[in-house]
Structures are given as structure tokens and as C-alpha cells.
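For clarity, every value in this text was computed on a predicted model and none was experimentally measured.
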Amino acid sequence: MKKRILTLSLLALVGVTGCNDKEPAPKVEVSNELTTELLESLSGNIELEGVANIKYGKADNITDITISYTDSSYYYNGYDTVNKSYNIGQIYKMGGVPTLVGVNNKNEYIYRERKDEDGNIESWDTYANPFKGLSVFDFVKDDTKDGLYHYLSYTDTQKNFVINLAKSLTAYTVPEFEDFTIQIIEGKVNRISFVSTVEASAFGESQFLADFGVKATGKEVKPKAFPEKYEHKAEHDKLAAALKKLNTAPVSGVTTVNETYTGKWEDATKTDYKFAYTDSYCLVTDEGYQDGEGYVVVDNETYKVKYEVGKDGTPTYTKKFFATKDKEGNAITSLAGQRGDIEYLAAELFEVKDDKHFVYEGDYTKNASYYYSLTGNPYASQCRHIEITLNDNYDIEEIYLTEDEYYKINVKIEKYGDDVTPPWSEAGLTYEEDPRLQFIGTFNGKVDETTSVKVVVSEDYKITIDGKEGTNVTYNQNINKFTFKVDNVEYDLKLNWKGIYQLYNKSTYKTIDLTKE
């Protein structure tokens with residue numbers, strides 16, 4: 001079973017088709033209770049409320065759904081009760097094109113044309129009322145329950161109709177259905193239900209169930225208004241200024257991660273991560289493992305710094321020999337963006353508790369929490385609740401992040417401004433030796449039992465294999481590896497994580513272990 005995602009960050013529609021090879025169901029009995037006029041009441045403006053449930057054995061995975069169709073709008077709101085997340089889409093027929101309209105993380109309207117997997121603009125028919133085309137001859141009356149009618153899935157056309165109808169209503173694509181029913185109560189279609197066939201899965205037998213109540217039809221259902229932007233309040237000015245300061249000013253503090261898998265917070269493990277960010281250096285350290293890394297800017301170039309604590313308890317800060325470069329090989333001249341985008345959320349998205357306390361639990365919580373951890377902590381991206389506390393100077397003092405079950409994260413800001421200084425003195429910063437030096441020397445290896453090879457690396461980093469000098473010699477500082485050519489064959493010379501020198505022939509795909517003389 002696959003689910004369609006409608007949120008602004010996740011827009012792909014995924015479909016799977018299937019067929020039902022079962023023998024045809026009983027003969028059709030047309031009832032005067034089920035009329036063409038009654039079915040037509042479903043094919044105009046309509047709003048439904050219900051649930052979709054993927055059952056794995058006895059386990060329920062329920063999504064609460066509200067959905068509506070009009071001539072010019074489609075609205076879907078699905079709340080995943082297991083993952084506690086929303087899948088919301090408001091799509092409008094704008095110039096004949098289905099267009100997703102929403103409010104983004106910056107409190108701005110965004111408009112996005114709906115496209116299929118091939119990048120083509122979808123037809124509005126994809127979001128139009130899916131009940132059109134139903135006929136009284138498609139149903140058989142239930143023998144035991146008054147007002148209940150079963151849809152007949154004899155043909156591939158009928159089977160595909162049910163698949164597409166369920167997909168439109170639930171955002172799930174289910175390959176095969178056992179039953180689709182409508183229920184009539186007091187002369188109106190009251191309920192619409194689906195039951196899939198039972199499928200085998202890695203979690204045991206699974207089955208898809210869906211049940212909707214018809215909330216309103218016809219003129220009672222109005223096109224959905226555009227989603228409203230978040231209201232700006234005076235208190236948001238304080239928060240916006242505080243977020244900007246935390247995003248740009250020198251800052252240091254500690255992020256404490258509490259983690260439990262028992263559901264009892266008294267059993268939680270606690271780990272502190274210290275952080276500091278300025279224009280000239282940044283550093284994040286794991287106080288449990290007593291290691292970490294960061295960057296320092298020297299002469300307009302950026303160098304990685306590694307932090308570790310020796311057995312005697314002495315901290316060491318080691319500046320890497322080579323400057324860090326971007327993906328295009330250009331020098332990185334600043335530390336902009338290292339702390340993440342603290343202004344990722346507009347202040348207006350936060351609920352105001354008072355002028356020093358703000359809460360957010362919206363669609364962008366996971367991304368925002370990752371930034372607000374100030375340590376790039378992966379656990380933070382699981383959080384669904386953010387609280388920000390300002391101090392008496394209206395600077396951010398504390399950020400609390402949680403998803404309630406496994407992680408609680410407290411970010412405490414300790415210093416702002418010029419008080420944030422590197423934990424090392426100039427004399428205390430250790431400089432890494434040129435890592436290429438460890439390759440200088442003579443290496444021997446065996447190609448096979450009868451053939452040996454000799455590799456020599458000179459002090460000027462010229463490389464020979466059995467006396468033949470390599471050309472196009474380059475060194476990759478990120479993975480500590482030389483690449484070069486001999487007789488038009490490309491080779492790698494590297495030192496692996498086990499401390500073994502290796503020669504890799506890219507023509508024969510063979511790696512030879514080398515011994516240094």
C-alpha cells in the first residue's frame with residue numbers, strides 16, 4: 001500500500017495498480033431505494049469525514065481524514081495518529097491548472113502547480129469529484145442489512161474505479177479491494193466504506209480499511225478559502241530579533257539530549273554537547289565521548305579542527321594541515337551557515353504564550369528542531385514540539401525540543417558576543433603534520449604468487465611503479481589518497497582505516513596490500 005503525500009515539502013504521487021482474479025459476485029438486484037438522483041448527490045460538491053486504517057495483524061495504523069470536493073477546489077487533511085503528523089493539501093483550479101496553495105515556513109503564500117512523475121502538469125480531473133459516473137447498475141443490495149449496497153467489481157474498469165476512488169479519498173493506493181459499499185439512511189447516502197483483500201507483508205498479514213461519513217453535499221459545501229497566514233503580534237517582534245541574534249552573533253552554550261527507550265524518563269541517558277559559533281571559529285564537542293570537531297578561519301581560509309581528550313585528561317585541539325574546500329574545489333572563506341538556519345521559521349509561526357515564551361508544533365517542526373539543536377543533532381529532527389524562552393534582555397536563553405516518547409532536548413545559551421572565545425590559545429592549537437609525508441618511502445607488494453611490485457614515493461611526491469614514473473599525480477585530502485597514471489593505467493595509492501597501504505589498479509579492479517620498507 002502506498003500513500004500520496006500532499007504537503008508542500010512532499011509532493012509526489014505514487015501509484016500501483018493491480019487486478020482481482022476472483023470469480024464474479026452474485027447477480028445484480030436493482031432496488032428502488034438506490035436511485036440515480038441519490039448517486040448524483042455524491043457527484044457534486046461533497047465533504048466527508050472518516051478514517052483509513054492499515055491493519056498489520058491486530059495493530060491499527062489509523063489516519064483521520066477530512067476531505068472535500070468542489071468545482072474549483074480540493075481539500076485533504078489527514079492526521080496520522082501513529083506518527084502524529086499531518087498530510088495537508090489545498091488544491092485550487094487556477095487557470096484550469098491544479099495548483100497547491102499553502103503558507104510556507106517564512107509565512108508567505110506559495111503556489112505550486114501539481115505535476116506527475118514525468119514533470120507534466122496534471123489534469124484537474126485528478127482532483128475532481130471521483131464519484132461521478134456511478135450507476136445504480138453497479139451495485140447489489142445486501143441481503144442482510146437494510147440500506148447497504150455493494151459495488152460490483154466484475155470488469156477491470158470497475159476494479160480500477162474503486163482503486164482510484166480510494167486513492168482520491170485516502171491518499172493510499174491499494175492494489176486490490178474485496179468490497180466497496182455505500183449505506184443509505186433516511187433517503188440519503190450516509191456512509192462509504194472500503195475493505196481490501198488481505199496481503200502478506202514483512203509485518204504479517206495486512207489489510208486496508210476505510211470508512212467515511214458524508215458530512216455535507218451540494219450548496220452546503222463551499223470552496224475552501226486560501227489558508228490564512230499566521231497573525232503577526234507585537235510579541236513576535238521580540239522573538240524575531242532574538243532569532244536573528246542567535247543566527248548571527250557569537251554564541252556558546254550546551255545542548256543536553258535525554259534519550260529513553262523504556263518510556264520512563266527516569267531511565268533516560270543524558271549526553272551534553274557543547275557548542276560555540278563566531279565569525280572566526282566554531283566547535284561542537286561530545287562531552288560523553290570527549291571528542292568533537294569544528295572549524296577555524298586563518299588568513300581567509302577555513303581549516304577543520306579536531307577535539308579529543310587524552311588518557312591524562314588533557315584536551316587537544318588539532319588544526320588540519322589542508323584548508324577545507326567546497327564541492328567545486330574553491331576555498332571556503334567564512335563559517336556562514338555552520339550553525340544552521342536559526343531564522344528558518346518566521347516568528348509569526350510561533351504561538352505566543354507571553355512576551356518571553358513561544359511554542360511551535362506545525363508542519364516544519366522537524367527541520368526547525370534540527371537547526372535549533374545548534375549541534376546538528378539527528379535526534380532533534382524527530383521532535384514535534386518546540387519551546388523558546390527569552391531572558392530579561394529578550395535574547396534566547398533556552399530552547400526545548402521533544403517528541404514526547406524517546407527524546408527531550410534542552411538547549412541552554414550561556415554566552416553572547418565578545419565573551420565567546422576559542423577554548424585554545426594560539427600556543428595551545430596543535431597543527432597537523434602534512435598527511436602526505438606518511439606516503440614518502442618505498443613500498444613492496446605482490447600482484448600474485450610470482451609477480452611483485454615496487455612503489456616509490458619521493459619527497460616531492462613523485463610516484464613510480466617498478467621504476468616507471470606516474471603522471472597526473474593528484475592528492476585527495478578528504479580521503480587521504482593519491483591518484484596517478486602509469487602507462488595510461490590509473491592507480492590509487494591510499495592508507496586504509498586499518499593502517500594498511502594499498503595500491504588499486506583501476507583497469508584490473510585489483511587491490512594490492514603494500515608493505516613499507
Next item on the list: Would you mind reporting whether I332 and E301 have side-chain heavy atoms less than 4.5 Å apart?
Entry: no
Next item on the list: Nearest 0.5 Å please: distance from the CD atom of E108 over to the NZ atom of K106.
Entry: 8.0 Å
Check: Okay, side chain of D395, backbone of A242: is any donor-acceptor separation there less than 3.5 Å?
Finding: no
Notebook entry, point to check: With a 3.5 Å cut-off and no angle check, do the side chains of Q183 and N190 form a donor-acceptor pair?
Noted result: no
Note to self: Just by distance, no angles: are the side chains of S193 and D211 close enough, under 3.5 Å, to form a donor-acceptor pair?
What the structure shows: yes
Item checked: Test item: side-chain donor near acceptor, Y79 and N77, under 3.5 Å -> no
Notebook entry, point to check: Do any N or O atoms from the side chain of E47 and from the backbone of V221 form a donor-acceptor pair under 3.5 angstrom?
Noted result: no
Check: Looking only at atom types and distance, does a side-chain atom of N61 sit under 3.5 Å from a main-chain N or O of I54, one as donor and one as acceptor?
Finding: yes
Next item on the list: Walk me through it: do R384 and D404 pass the test salt bridge (charged side-chain N to carboxylate O under 4.0 Å, His left out)?
Entry: CA-CA 8 Å; R384 299 186 291 262; D404 292 331; 5.3 Å; no
Check: Say you draw a straight line from CE of M94 to OG of S73; how long is it, rounded to the nearest 0.5 Å?
Finding: 12.0 Å
Notebook entry, point to check: Are any non-hydrogen side-chain atoms of F180 and L165 less than 4.5 angstrom apart?
Noted result: yes
Checklist line | Whether Y261 and Y406 hold their rings parallel, tilted or perpendicular, with breakpoints at 30° and 60° | finding: tilted
Notebook entry, point to check: Do D142 and T144 get their side chains close enough for a donor-acceptor pair, meaning under 3.5 Å?
Noted result: yes
Margin query: Is any side-chain heavy atom of N377 closer than 4.5 Å to one of T255?
Written below: no
Notebook entry, point to check: Does I65 reach the side chain of V51, with side-chain heavy atoms less than 4.5 Å apart?
Noted result: no
Item checked: Any N107 side-chain heavy atom under 4.5 Å of L349 side chain -> yes
Notebook entry, point to check: Could you give all pairs that pass the salt bridge (Lys or Arg N to Asp or Glu O under 4.0 Å) test and reach residues 270-288, with sequence neighbours left out?
Noted result: none
Next item on the list: Cation-pi check, K159 to F177: give yes when NZ or CZ is under 6.0 Å from the six-membered ring centre and within 45° of the ring axis, no otherwise.
Entry: no
Next item on the list: Give the ring-plane orientation class for F358 versus F350, where under 30° counts as parallel, over 60° as perpendicular and anything between as tilted.
Entry: perpendicular
Margin query: Test side-chain contact (heavy atoms from CB on, under 4.5 Å) on N258 and I409; report intermediate values, then the result.
Written below: CA-CA 6 Å; N258 295 280; I409 299 174; over 6 Å; no
Notebook entry, point to check: Is the backbone of T157 close enough, under 3.5 Å, to the side chain of N160 for a donor and an acceptor to pair up by distance?
Noted result: no
Check: Are any non-hydrogen side-chain atoms of V411 and Y400 less than 4.5 angstrom apart?
Finding: no
Item checked: E414/K412 salt bridge by N-O under 4.0 Å criterion -> no
Margin query: Checking the side chain of T248 only, and the main-chain atoms of K244 only, is there a donor and an acceptor separated by less than 3.5 Å?
Written below: yes
Item checked: Residue pairs fulfilling ring pair (Phe, Tyr, Trp, His ring centres under 6.0 Å) with at least one residue in residues 220-246, sequence neighbours excluded -> Y92-F226, H232-H236
Note to self: Given 3.5 Å as the limit, does a donor-acceptor pair link the side chain of N53 with the main chain of A210, or not?
What the structure shows: no
Item checked: Short side-chain donor-acceptor distance under 3.5 Å, S123 and T126 -> no
Margin query: Could you measure the distance from the CZ atom of F275 to the CZ atom of R339? Nearest 0.5 Å is fine.
Written below: 9.5 Å
Next item on the list: Begin from the C-alpha positions of Y74 and Q90 and carry the test side-chain contact (heavy atoms from CB on, under 4.5 Å) through to its verdict.
Entry: CA-CA 6 Å; Y74 165 85; Q90 291 188 222; over 6 Å; no
Checklist line | Side chains of Y56 and Q207, donor plus acceptor under 3.5 Å | finding: no
Check: Is there a donor-acceptor contact under 3.5 Å from the side chain of S369 to the main chain of K366?
Finding: no
Check: Within a strict 4.5 Å, meaning less than it, do heavy atoms of the Y416 and L246 side chains meet?
Finding: yes
Notebook entry, point to check: Can a donor-acceptor pair be found between the side chains of N104 and Y364 at a distance below 3.5 Å?
Noted result: no
Notebook entry, point to check: Between N367 and Y344, does any side-chain donor sit less than 3.5 Å from a side-chain acceptor?
Noted result: yes
Check: Does the side chain of E343 come under 3.5 Å of the side chain of Y371 through a donor N or O and an acceptor N or O?
Finding: no
Checklist line | Ring centroid separation Y149 to F139 under 6.0 Å | finding: no
Notebook entry, point to check: Yes or no on side-chain contact (heavy atoms from CB on, under 4.5 Å) for K353 and V359, after CA distance, side-chain angles and deciding distance?
Noted result: CA-CA 7 Å; K353 296 300 184 181; V359 172; 3.8 Å; yes
Margin query: What verdict does the ring pair (Phe, Tyr, Trp, His ring centres under 6.0 Å) test give for Y172 and F208, after you've listed the backbone C-alpha separation in whole Å, the side-chain angles of each residue and the deciding distance to 0.1 Å?
Written below: CA-CA 9 Å; Y172 284 98; F208 178 84; 5.8 Å; yes
Notebook entry, point to check: Checking D80 side chain against V82 main chain: does a donor-acceptor pair fall under 3.5 Å?
Noted result: yes
Notebook entry, point to check: Does any non-hydrogen side-chain atom of T365 lie less than 4.5 Å from one of Y360?
Noted result: yes
Next item on the list: Would you tell me whether S168 and Y69 have side-chain atoms, one donor and one acceptor, within less than 3.5 Å of each other?
Entry: yes
